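Everything on this sheet refers to the single structure shown next.
Not measured: the values here are computed from a predicted model.
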Amino acid sequence: DTAVSQTPKYLVTQMGNDKSIKCEQNLGHDTMYWYKQDSKKFLKIMFSYNNKELIINETVPNRFSPKSPDKAHLNLHINSLELGDSAVYFCASSQEPQLNTGELFFGEGSRLTVL
Amino acid sequence: RKEVEQDPGPFNVPEGATVAFNCTYSNSASQSFFWYRQDCRKEPKLLMSVYSSGNEDGRFTAQLNRASQYISLLIRDSKLSDSATYLCVVKRDHTGGFKTIFGAGTRLFVKA
């Protein structure tokens, strides 16, 4: 059983389109994240949710809208896609009882290519 | 300036070599430290936590210097399978929870 699963794994689309990426975790974690990894491989946090509540929104354009229907799911919807949105988007989850714990478990990534 | 800085490499080393990676962080409020490993076209995975007293896990040794805001990872007796990108990670308080910040990674190639 995959702990953190995200779909689709690959997404190729035209500029201006709207697309969604879904993420589900079966680890019972309270916290979920979206990270973006660009062509330079820099992994940058976008959003973090704790028990369905948004706690981090890292100056991401408002074309990106996360939604957490329950604590096991965190979806990412992107409107009006731009070339610069091409990247690998990683979903992750963790259990955060203390500051020095809380390993992040990542999904396999969703590779988005905007043409 | 990025909050977590690493030498991007690549480091090209022969099998059996010892290699060391360094990392600096700029926010003195950072409280927890980790090394993650990312294989090509895969997701990052936790390699080890880094404790103030330094810690070892087999061939891997991690060190933390809070005064200098500096973290290191030493790999002894490198194996071909160690080829990957090593991500330095710091964690600190954030409103409502914690924030985990990744460095850009250091690429390692171990050759036969």
Where on [X] is there a heavy atom nearer than 4.5 Å to chain A: the side chain, the backbone, both, or neither?
X	value
B/Y36	side chain
B/T95	backbone
B/K45	neither
B/K42	backbone

_side-chain hydrogen bond (donor to acceptor under 3.5 Å, both in side chains): pairs with one or both residues in residues 65-78 of chain A, sequence neighbours excluded_ = A/S20-A/H77, A/D30-A/K71, A/D70-A/H73, A/H77-A/N79

*Determine which pairs satisfy side-chain hydrogen bond (donor to acceptor under 3.5 Å, both in side chains) with at least one residue from residues 9-19 of chain B, sequence neighbours left out, and list them in order.*
none

Any chain of hydrophobic side-chain contacts (each under 4.5 Å) joining [X] to [Y]?
X	Y	answer
A/I55	A/V60	no
B/V50	B/Y25	yes
A/V4	A/F90	no
A/I21	A/F105	no
B/Y86	B/L74	no

*Is chain B contacted by the side chain of A/L54, its backbone, both, or neither, given a heavy-atom distance below 4.5 Å?*
neither

*Kindly check if the number of other-residue, nucleotide or ligand heavy atoms within 6.0 Å of NZ (B/K111) is above 12?*
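Atom NZ in B/K111 is crowded, with more than 12 foreign heavy atoms closer than 6.0 Å.
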
*Taking atom CZ of B/R37 as the centre, does the number of heavy atoms from other residues, nucleotides or ligands within less than 6.0 Å exceed 12?*
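Count over threshold, so yes.
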
_Close approach to chain B in residues 106-115 of chain A, criterion heavy atom under 4.5 Å_ =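 Near chain B, by residue number: A/F106, A/G107, A/E108, A/R111.
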
*residues 34-50 of chain A: residues contacting chain B (heavy atom under 4.5 Å, by number)*: A/Y35, A/Q37, A/K41, A/F42, A/L43, A/I45

_Nearest-0.5 Å distance that lies between atom CD in B/E43 and atom CD in A/Q6_ = 8.5 Å

_Heavy-atom pairs under 4.5 Å with chain B, option from A/T31, A/V88, A/L104 with the top count_ = A/L104

*Please report the closest heavy-atom contact between A/I56 and B/K99, naming both atoms and the distance.*
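Heavy atoms of A/I56 and B/K99 come nearest at CD1-CG, 3.7 Å.
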
*Would a 4.5 Å heavy-atom cut-off, applied to side chains only, mark A/S94 and B/F98 as touching?*
no

